[in-house]
Q: 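One structure coming up, written as structure tokens, with questions to follow.
None of the values given here were measured: they were computed from a predicted structure.
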Amino acid sequence: MNQTQLSVPGTPLATVLPPFPHTTTPAGGEHHNLAVVLFALVVVVTLAITLWVGRRGQAAEDFYAGGRDFGPLQNGIALSGDYLSAASFLGVTGLIALYGYDGMLYSIGFLVAWLVVLMWVAELVRNTGRYTLADVLATRMRQRPVRAAAGTASVVVTLLYLIAQMVGAGSLVALLLGTTGPAAKTWTIVAVGALMIIYVTVGGMRATTWIQIVKAGMLMAGAVLLTVLVLVRFHFDLADLMRAAAHGSGAGNSYLEPGLKYGESTTSRLDFVSLGIALVLGTAGLPHILSRFYTVPTARAARKSVMWAIGMVGCFYLMTIVLGLGATALVGSKAVKAANPAGNTAVPLLALNLGGGEGSTGGTLFFAITSAIAFATILAVVAGLTLASSVSFAHDLYAQAFRRPHLPPVTERQEVVMARTAAVVIGGLAIVLSLFAQRLNVAFLVSLAFAVAASANLPTLIYNLFWRRFTTRGACWATYGGLVPALVLVLFSPVVSGARTAMFPGVDFHWFPLENPGLISIPLGFLLGWVGTVSGEEKADPDKFAELEVRSLTGAGAV
């Protein structure tokens with residue numbers, strides 16, 4: 001296996017798109033052709049779904065919410081598909097392979113977050129909104145300021161999440177092709193960006209949902225197969241698997257104990273706390289997850305969807321622990337890090353080993369199938385993210401916040417056209433930004449999106465649903481007060497500069513020591529939401545809160 005080196009961020013834009021180089025593969029031209037065929041099959045199937053579904057309806061409700069006619073099981077599978085991204089399949093497994101116990105914390109955090117969604121968000125959001133988070137706020141707040149704040153935050157969060165998926169796509173295909181240059185990853189990111197734009201502009205929410213359902217089935221089947229093969233290799237003896245993983249890690253028993261990644265210093269321990277808070281609270285503020293609750297007809301269906309999703313997500317994250325341990329035991333942490341320093345290619349390397357190793361037909365077949373499943377995962381998730389951000393821009397910013405009062409209201413057709421245009425622009429921006437983040441682990445990149453979502457969206461959502469005195473001023477302070485500090489802290493953290501794996505490793509302008517800003521920005525969002533409310537002269541309308549309360553709890557008047 002040729003070792004795939006990640007491209008160095010900070011390359012001038014003029015050199016970002018080099019000619020595609022001659023590549024070599026781990027297992028020869030015949031097996032390379034098989035991998036290419038599988039990738040092409042994934043693309044053809046998803047495009048066929050998009051074209052088929054895209055002809056069924058062009059109204060705003062069809063484009064934004066899929067006509068609200070998906071059942072709880074369908075939506076639950078789609079929810080898990082939205083959530084189980086490249087960060088889950090590639091990033092979390094890679095972190096477990098590299099850091100053992102500390103990497104498992106990602107699996108636990110991502111799973112526990114769904115309990116917050118189930119208890120606080122699912123039914124209430126379905127009852128009080130129409131298409132976006134801003135709809136929930138606008139039921140009792142002044143429309144223009146809260147839509148401007150919530151729409152901006154939603155676009156930023158989904159853009160951060162998109163970058164993570166595109167980085168995963170670049171790492172995956174570069175490993176598959178065995179290239180040593182940055183061109184394969186660059187062109188893969190461009191291709192994935194182009195595909196996600198097509199999915200959204202042509203198919204909308206209906207197509208995105210069906211792509212998620214197909215992808216979730218493929219992902220679960222692939223994870224089950226690999227997990228069983230790992231367990232068979234160790235005769236279903238988990239203790240033997242853990243011992244072999246500890247040996248393969250090169251760190252001995254420290255691999256199975258806390259502290260390998262987050263225990264070296266006080267700063268790393270604080271980073272662990274910050275990460276945990278962001279993972280647990282972030283899901284409830286993710287726009288592409290919240291928008292899924294509007295695709296079902298009732299709040300009860302929304303809650304059932306979450307329960308189905310929790311079951312699938314829980315099973316999957318249990319399997320990621322076995323896969324991460326298996327990658328360390330069979331491939332070795334050193335080999336995983338050599339192929340990709342962030343660990344994003346641990347699962348494909350594990351599949352190659354389980355199938356018979358480098359050069360074998362079985363190994364290359366397993367490697368290609370696993371890579372194709374991961375590629376389908378990325379395509380599906382980027383489609384959902386692009387849709388969520390484009391809907392927020394068109395429905396909240398273009399149609400409401402940026403619309404001058406004296407102009408006639410925007411029609412549904414104009415909204416949908418703007419949403420499609422926004423998908424193209426946001427997709428292009430995500431492509432450019434992704435080219436400079438290829439040194440970072442995709443699960444870690446997603447944790448940043450979770451931190452921003454928990455800082456900007458969650459305080460506003462919780463206060464709006466449960467605090468009678470909450471005002472428009474408080475909503476804006478909470479949103480911007482969480483969003484801006486989170487982005488500033490990330491900008492001046494070791495993620496961007498001052499570290500070997502930073503986006504710009506050649507410079508150092510960081511002053512914030514933590515990699516994840518959640519420890520500071522999440523409490524700040526809640527605090528500023530409270531300060532903005534109690535310090536202003538504006539009084540909340542008790543009648544509107546009463547109406548919101550009844551509607552959120554009973555569904556009376558829900559769309």
Side-chain angles (χ1 to χ4, degrees), residues 60-61 64-65 68 79 82-83 113 116-117 120-162 205 281-296 299 302 305-306 384-402 415 419 422 426 449-467 470-472 474-483 486 522 525-526 529 548 551-552 558-559:
E61 188 168 79
Y64 293 164
R68 306 187 198 279
L79 263 173
D82 256 326
Y83 197 67
V116 178
V117 176
W120 288 355
V121 172
E123 288 189 62
L124 304 183
V125 166
R126 173 60 187 85
N127 282 336
T128 54
R130 182 175 176 83
Y131 300 129
T132 65
L133 169 63
D135 287 337
V136 180
L137 304 178
T139 55
R140 57 177 293 216
M141 307 288 181
R142 285 182 284 120
Q143 295 247 354
R144 289 172 65 87
V146 297
R147 286 192 183 275
T152 301
S154 295
V155 171
V156 171
V157 170
T158 51
L159 190 59
L160 286 172
Y161 215 128
L162 269 173
M205 180 60 87
L281 298 180
T283 302
L286 292 175
H288 69 296
I289 297 297
L290 295 176
S291 65
R292 279 259 157 245
F293 300 133
Y294 302 125
T295 63
V296 291
S305 297
V306 175
L385 289 165
T386 308
L387 178 64
S389 57
S390 62
V391 168
S392 291
F393 183 88
H395 184 63
D396 298 325
L397 299 178
Y398 169 72
Q400 301 287 343
F402 298 162
E415 265 196 43
I426 291 169
F450 273 57
V452 177
S455 303
N457 291 340
L458 186 63
T460 312
L461 181 61
I462 297 300
Y463 278 148
N464 184 67
L465 291 173
F466 300 108
W467 189 18
F470 194 49
T471 62
T472 301
C476 294
W477 279 41
T479 302
Y480 293 125
L483 176 66
I522 295 173
F526 279 98
L548 174 71
R551 181 169 159 182
S552 65
V559 178

Q: Applying side-chain contact (heavy atoms from CB on, under 4.5 Å), can you list everything that pairs with Ala113, at least two apart in sequence or on another chain?
A: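 Testing Ala113 for side-chain contact (heavy atoms from CB on, under 4.5 Å), a comparison that skips the adjacent residues, returns Tyr83, Thr283.
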Q: Taking only residues two or more places apart in sequence or in another chain, which ones pass salt bridge (charged side-chain N to carboxylate O under 4.0 Å, His left out) with Arg144?
A: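 Residues passing salt bridge (charged side-chain N to carboxylate O under 4.0 Å, His left out) with Arg144: none at all.
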Q: Who are the side chain to side chain donor-acceptor pair (under 3.5 Å) partners of Ser392, not counting sequence neighbours?
A: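 Once residues adjacent in sequence are excluded, Ser392 has no partner under the side chain to side chain donor-acceptor pair (under 3.5 Å) criterion.
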Q: If you round to the nearest 0.5 Å, how far is CD1 of Ile426 from CG of Leu162?
A: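 It is 8.0 Å, given to the nearest 0.5 Å.
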Q: If you look at every heavy atom in His288 and Gly384, which pair is closest and at what distance?
A: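 Nearest heavy atoms, His288 then Gly384: CB-O, 3.9 Å.
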Q: Of all the heavy-atom pairs spanning Leu124 and Thr128, show the shortest one and how long it is.
A: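 Between these two residues, the closest heavy atoms are O-OG1, 2.8 Å.
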Q: Check the orientation of Tyr161 and Phe450. Use parallel for under 30°, tilted for 30 to 60°, and perpendicular for over 60°.
A: tilted
Q: Which atom pair, heavy atoms only, marks the closest approach of Asn127 to Arg551?
A: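 That closest heavy-atom pairing would be O-NE, 2.8 Å.
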Q: Could you pull out all residues at least two apart from Thr158 that satisfy side-chain contact (heavy atoms from CB on, under 4.5 Å)?
A: Pro287, Leu385, Ala388, Ser389
Q: Run the side-chain contact (heavy atoms from CB on, under 4.5 Å) test against Ala451 and tell me which residues pass, sequence neighbours left out.
A: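 Ala451: side-chain contact (heavy atoms from CB on, under 4.5 Å) contacts with Ala278, Asn516, Pro517.
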Q: Nearest 0.5 angstrom please: Leu137 CG to Arg142 CZ, how far?
A: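 Leu137 atom CG to Arg142 atom CZ measures 13.0 Å (nearest 0.5 Å).
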Q: Got a second to check how far Phe470's CZ is from Leu548's CG, nearest 0.5 Å?
A: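 Here the rounded value is 11.5 Å.
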Q: Can you list the residues that meet the side chain to side chain donor-acceptor pair (under 3.5 Å) rule with Asp82, with sequence neighbours excluded?
A: Gln212, Arg292
Q: With sequence neighbours excluded, what pairs up with Thr471 under the side chain to side chain donor-acceptor pair (under 3.5 Å) test?
A: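 Testing Thr471 for side chain to side chain donor-acceptor pair (under 3.5 Å), a comparison that skips the adjacent residues, returns none.
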Q: For Arg147, enumerate each residue passing the salt bridge (charged side-chain N to carboxylate O under 4.0 Å, His left out) test, keeping only those at least two apart in sequence or located in another chain.
A: Asp135, Asp396
Q: Please identify each residue that fulfils ring pair (Phe, Tyr, Trp, His ring centres under 6.0 Å) with Phe526, with sequence neighbours left out.
A: Tyr463
Q: Taking all heavy atoms of Gly529 and all of Ala478, pick out the closest pair and write down the distance.
A: CA-CB, 3.6 Å
Q: Checking Ala454 now: which residues fulfil side-chain contact (heavy atoms from CB on, under 4.5 Å) with it, not counting sequence neighbours?
A: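 Ala454 satisfies side-chain contact (heavy atoms from CB on, under 4.5 Å) with Leu281, Ile522 only.
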Q: Determine the minimum heavy-atom distance between Asn464 and Arg140, stating which atoms define it.
A: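 Smallest heavy-atom distance, with atoms named: O-NH1, 2.9 Å.
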Q: Does any N or O in the side chain of Thr479 come within less than 3.5 Å of the main-chain N or O of Cys476, such that one atom is a donor and the other an acceptor?
A: no
Q: What's the shortest heavy-atom distance between His395 and Thr132, and which atoms?
A: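 So the two residues come closest at CD2-OG1, 3.8 Å.
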Q: As an exercise, state the distance from OG of Ser154 to CG of Leu286, rounded to the nearest 0.5 Å.
A: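 Result: 10.0 Å between the selected atoms.
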Q: Holding to side chain to side chain donor-acceptor pair (under 3.5 Å), I want the full list of residues that pass it with Thr386, two or more places apart in sequence or in another chain.
A: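 For Thr386 there are no side chain to side chain donor-acceptor pair (under 3.5 Å) partners, ignoring immediate neighbours.
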Q: How about Val125 and Leu461: do any of their side-chain heavy atoms sit closer than 4.5 Å?
A: yes
